[in-house]
Amino acid sequence: MVTIQDIAEIAGVSKATVSRVINRTGYVNEKTRERVQAVIDQYHYSPSASAVNLSRRETNTIGVIVPEIANTFFGELLHGIGEVIDQTDFTSFYFDSDNNSDKEERAILALEQQRVRGLLITPAQDSDAAVNRRLYSYLERLNVPTVVVDRDFPGSKWDGVFFENYQSGYCAAEALIAAGNRTLGMITGDLRLKIARERYEGFLQAAQDGGCPVSEQHIYQGDFTIEGAYAAAKRMLESDDRPQAVLTSNNLTSLGFLKAVTEKGMQIGRDIAVIGIDHIPELDILNYGFSCVARDTVQMGRLAMQVLLERMQNPDKQRQICMIPHRLILKGSEKMDG
DNA sequence: GAAGTGGAACTCATTGCACA
DNA sequence: TGTGCAATGAGTTCCACTTC
């Protein structure tokens with residue numbers, strides 16, 4: 001491994017001069033600069049990141065913790081974050097907490113050891129008060145600019161970028177009623193999560209306001225996973241008293257629901273109507289007319305990273321909460337043909 | 001006095017060694 | 001065995017020195 005000392009010896013200068021050439025600081029004779037640069041190019045030298053961090057007493061690393069890295073939602077979120085990071089000198093460190101608070105805490109500790117400059121985090125959960133207190137204390141101890149993304153947690157004092165959850169549930173129910181459906185049901189997310197409760201409450205309120213109050217029997221609890229939604233949907237579809245139209249709580253819930261519908265030999269739009277929260281691009285590729293309440297997840301990632309950069313530049317500014325608007329996309333699955 | 005350069009101090013975690 | 005100190009790694013930065 002070539003070091004700055006090697007470059008300095010080969011170029012016949014001190015390592016201070018090499019450092020000035022690399023960083024374009026101080027005075028360096030143009031001929032010396034060219035000579036040093038030629039050696040750097042010849043030996044493909046690049047400074048050791050750990051040594052640079054050591055001497056600068058800081059890193060250029062941003063930590064990102066998401067709860068389900070395999071979920072395309074978080075894939076898009078990371079894409080947006082990466083777009084903004086690419087325009088800076090920062091690099092990123094990604095962790096998947098797997099919706100597990102213990103893993104989340106270990107990730108925060110690892111990021112502390114990495115001396116990250118900032119953190120973007122989607123908390124693993126928000127329902128257990130003791131876990132929330134622990135998360136709070138871990139973030140306080142980390143003591144770097146932090147932005148909470150998608151899932152807020154009680155008592156948070158950090159900047160946040162969230163989705164209009166209540167409104168998305170509300171507008172989905174409105175659309176289902178406007179399409180002529182009279183009995184509505186829902187496969188919820190994990191109702192221990194605030195985002196799931198908000199979607200659920202928005203849905204119930206719109207149904208009430210639209211004169212189609214939702215029966216308790218038509219609420220099936222999922223957990224934001226394909227498996228959970230599939231099991232809930234199977235129970236719903238096998239019931240004698242199933243709703244005409246259904247709201248599915250996120251992209252994975254929609255996929256689990258569609259799997260159950262297909263297995264049952266039923267057709268969306270003929271046997272049951274549905275609107276899902278989250279856009280699923282793969283269904284567009286298959287030309288599957290699936291109505292949804294979409295959110296711009298890539299933009300959410302971009303915005304979260306921008307808020308973090310602002311916080312890093314101005315640590316004393318007021319807490320900032322940004323909401324990502326929802327967008328209703330109707331493609332026919334919200335109504336029955338017949 | 002400005003330009004150009006080098007030496008040494010410094011960063012922090014780890015390791016090895018001396019000494020009680 | 002436990003403790004303290006120095007050296008190490010690969011950079012950056014400050015200050016002193018030389019040259020023009």
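The analysis underlying the following values was restricted to heavy atoms, covering all of them including side chains, and did not include hydrogens, waters or symmetry mates. Throughout, protein chains are lettered first and strands after them, A, B, ... in sequence-line order, and every chain is numbered starting at 1. Nothing here was measured: the structure is a model prediction, and the numbers come from that model.
- Judged by the 6.0 Å and 45° rule, A/Lys259 forms a cation-pi pair with A/Tyr230.
- Take the nearest nucleotide of DNA chain B for A/Tyr27 and for A/Ser14: the residue whose nucleotide is more 5' is A/Tyr27.
- Among the heavy atoms of the strands, none lies under 4.0 Å from A/Asn53.
- Residue contacts shown for A/Arg115 are limited to sugar-phosphate atoms, with no base heavy atom under 4.0 Å away.
- Among the protein residues, A/Thr25 comes within range of no part of the nucleic acid, since none of its heavy atoms lies under 4.0 Å from any strand.
- Residues meeting the ring pair (Phe, Tyr, Trp, His ring centres under 6.0 Å) test with A/Tyr136, sequence neighbours left out: A/Trp158.
- Atom NZ of A/Lys317 sits in a crowded spot, with more than 12 heavy atoms from other residues, nucleotides or ligands closer than 6.0 Å.
- Among A/Leu111, A/Leu135, A/Val147, the single residue meeting the side chain to side chain contact (heavy atoms under 4.5 Å, CB included) criterion with A/Ile121 is A/Leu135.
- When each of C/dG11, C/dT13, C/dA10 is scored by its nearest atom to the side-chain atoms of A/Leu54, the top-ranked nucleotide is C/dA10.
- Contact footprint of chain A on DNA chain B: nucleotides with an atom under 4.0 Å from a non-hydrogen protein atom, first to last in 5' to 3' order, B/dA3 to B/dA13.
- Between the side chain of A/Asn23 and the backbone N or O of A/Thr25, no donor-acceptor pair lies under 3.5 Å.
- Contacts between residues 40-49 of chain A and DNA chain C, defined by a heavy-atom separation below 4.0 Å, involve A/Tyr45, A/Pro47, A/Ser48, listed by number.
- Atom CG of A/Asn23 and atom C1' of C/dT12 are 8 Å apart (whole Å).
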**OP:** Test salt bridge (Lys or Arg N to Asp or Glu O under 4.0 Å) on A/Asp284 and A/Lys331 and set out the steps.
**Re:** CA-CA 10 Å; A/Asp284 290 345; A/Lys331 294 193 171 180; 2.7 Å; yes
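- Contact detail for A/Ile324 and A/Arg295: the closest heavy-atom pair is CG2-CB, 4.5 Å.
- Looking at A/Arg141 and A/Glu112, a side-chain N of the basic residue comes within less than 4.0 Å of a carboxylate O on the acidic one, giving a salt bridge.
- One can place NZ of A/Lys15 at 14 Å from C1' of C/dC14, the figure rounded to the nearest angstrom.
- Within the 4.0 angstrom heavy-atom criterion, base atoms lie near A/Ser19.
- When each of A/Thr297, A/Leu283, A/Asn71 is checked for a side chain to side chain contact (heavy atoms under 4.5 Å, CB included) with A/Asn251, only A/Asn71 meets the rule.
- Atom P of nucleotide C/dA10 and atom CD1 of A/Ile7 are separated by 13 Å, given to the nearest angstrom.
- Here C/dT18 presents its C1' atom at 14 Å from CG of A/Asn29, a figure rounded to the nearest Å.
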